[in-house]
Amino acid sequence: ASDCFERGLLSGRHVLINAGPTREAIDPVRYISNHSSGKMGFALAEAAAEAGARVTLVAGPVNLPTPARVQRIDVTSAQDMLDACLAALPADIFIASAAVADYRPASAADQKMKKDTANEDGLTLTLVRNPDILATLAEHSQRPDCCVGFAAETHDVLNYAADKLQRKKLDLIVANDVSQSGIGFNSDDNAVTLIDRQLERCSLPQASKQKLARQIIARIAGQLNH
Ligand code: CTP
Ligand code: CA
């Protein structure tokens, strides 16, 4: 193919990918979430399957078809997503493309909350931190050989991404400048910079998420096989 993608690059490998947003319940009818479409993660799952891998895709709530030959597990909250990822181990490669909510309500109400007189001036929700799925898997006794993160940033993109790579002990991070319109969140195109453990950078110019996914998979396979 024009992007040098080779079929069979990942044959015999198990690739675990998470994708999409998570939803954190406030009550039975309300939640906190974000605008992640899941498109990049689904494109990565498709590319990994095309490269011959066995692929497990743990997906938050998204509106996307399941790629061929991909085992999809649907989840809602960050905690569910962590549990599903842990249950899918062992894996050779973990790609954390999900936009995991950093916080969740400290407790979800069992019944629909009413805007009663007690909350006339507003409502304060107490939020607690969610577990870090990527950091948990990267420190796990069954750690995948290659752990790949994403960093969506609006400023100081490469510095923040390199910091996350080191803090979470990753093998590769995909840095994504989401301040530019037309690429990134929700769009069909993206442009990213890959940063490896030696802090070597490789820029992948704007292209479809399918094309970028193949380039990212080829790069991960190269790193794993050398
Ligand atoms: N991530 C995760 N679990 C979380 C938060 C983030 O697995 N609870 C993963 C994301 O899937 C991504 C990477 O960590 O691969 C970086 O996510 P990002 O939101 O950019 O970083 P955070 O560490 O959450 O820091 P911040 O949001 O403050 O920039
Ligand atoms: Ca975050």
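Bear in mind the structure is a predicted one, so any value in this text is a computation, not a measurement. Whatever order the structure lists them in is the order used to number ligands and atoms, beginning at 1.
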S.K.: Counting heavy atoms not belonging to N63, are there more than 12 under 6.0 Å from its CG?
M.R.: no
S.K.: May I ask you to check whether D189 and S187 show a side-chain donor-acceptor distance below 3.5 Å?
M.R.: no
S.K.: For atom CZ of F150, is the number of surrounding heavy atoms from other residues, nucleotides or ligands below 6.0 Å larger than 12?
M.R.: yes
S.K.: Hey, quick one: are L194 and L10 part of the same hydrophobic cluster, counting side-chain heavy atoms closer than 4.5 Å, chains of contacts allowed?
M.R.: yes
S.K.: Has D110 got more than 12 heavy atoms of other residues, nucleotides or ligands less than 6.0 Å from its CG?
M.R.: no
S.K.: For the SG atom of C147 and the CG atom of L134, what is their distance to the nearest 0.5 Å?
M.R.: 6.5 Å
S.K.: Check whether I216 and F94 end up in the same hydrophobic cluster, where Ile, Leu, Val, Met, Phe, Trp and Tyr are linked by side-chain heavy atoms less than 4.5 Å apart.
M.R.: no
S.K.: Does the side-chain hydrogen bond (donor to acceptor under 3.5 Å, both in side chains) test come out yes or no for H14 and T56, once each step is laid out?
M.R.: CA-CA 8 Å; H14 179 207; T56 304; 2.7 Å; yes
S.K.: Which pairs of nitrogen or oxygen atoms, taken one from ligand 1 and one from the protein, are under 3.5 angstrom apart?
M.R.:
from     : atom 1 : to   : atom 2 : distance (Å)
ligand 1 : 3 (N)  : I133 : N      : 3.0
ligand 1 : 7 (O)  : I133 : N      : 3.3
ligand 1 : 7 (O)  : L134 : N      : 2.8
ligand 1 : 8 (N)  : P131 : O      : 2.9
ligand 1 : 11 (O) : A96  : O      : 3.4
ligand 1 : 11 (O) : A98  : O      : 2.8
ligand 1 : 14 (O) : K168 : NZ     : 2.8
ligand 1 : 15 (O) : A96  : O      : 2.7
ligand 1 : 15 (O) : F150 : N      : 2.9
ligand 1 : 15 (O) : F150 : O      : 3.3
ligand 1 : 20 (O) : K164 : NZ     : 2.7
ligand 1 : 21 (O) : K164 : NZ     : 3.2
ligand 1 : 23 (O) : K168 : NZ     : 2.8
ligand 1 : 24 (O) : D102 : OD1    : 3.1
ligand 1 : 27 (O) : D102 : OD2    : 3.2
ligand 1 : 29 (O) : K164 : NZ     : 2.8

S.K.: In terms of side-chain heavy atoms, does N176 have a donor or acceptor partner in N190 at a distance below 3.5 Å?
M.R.: yes
S.K.: Which protein N, O or S atoms sit under 3.0 Å from the Ca ion (ligand 2)?
M.R.: D102 OD1, D102 OD2
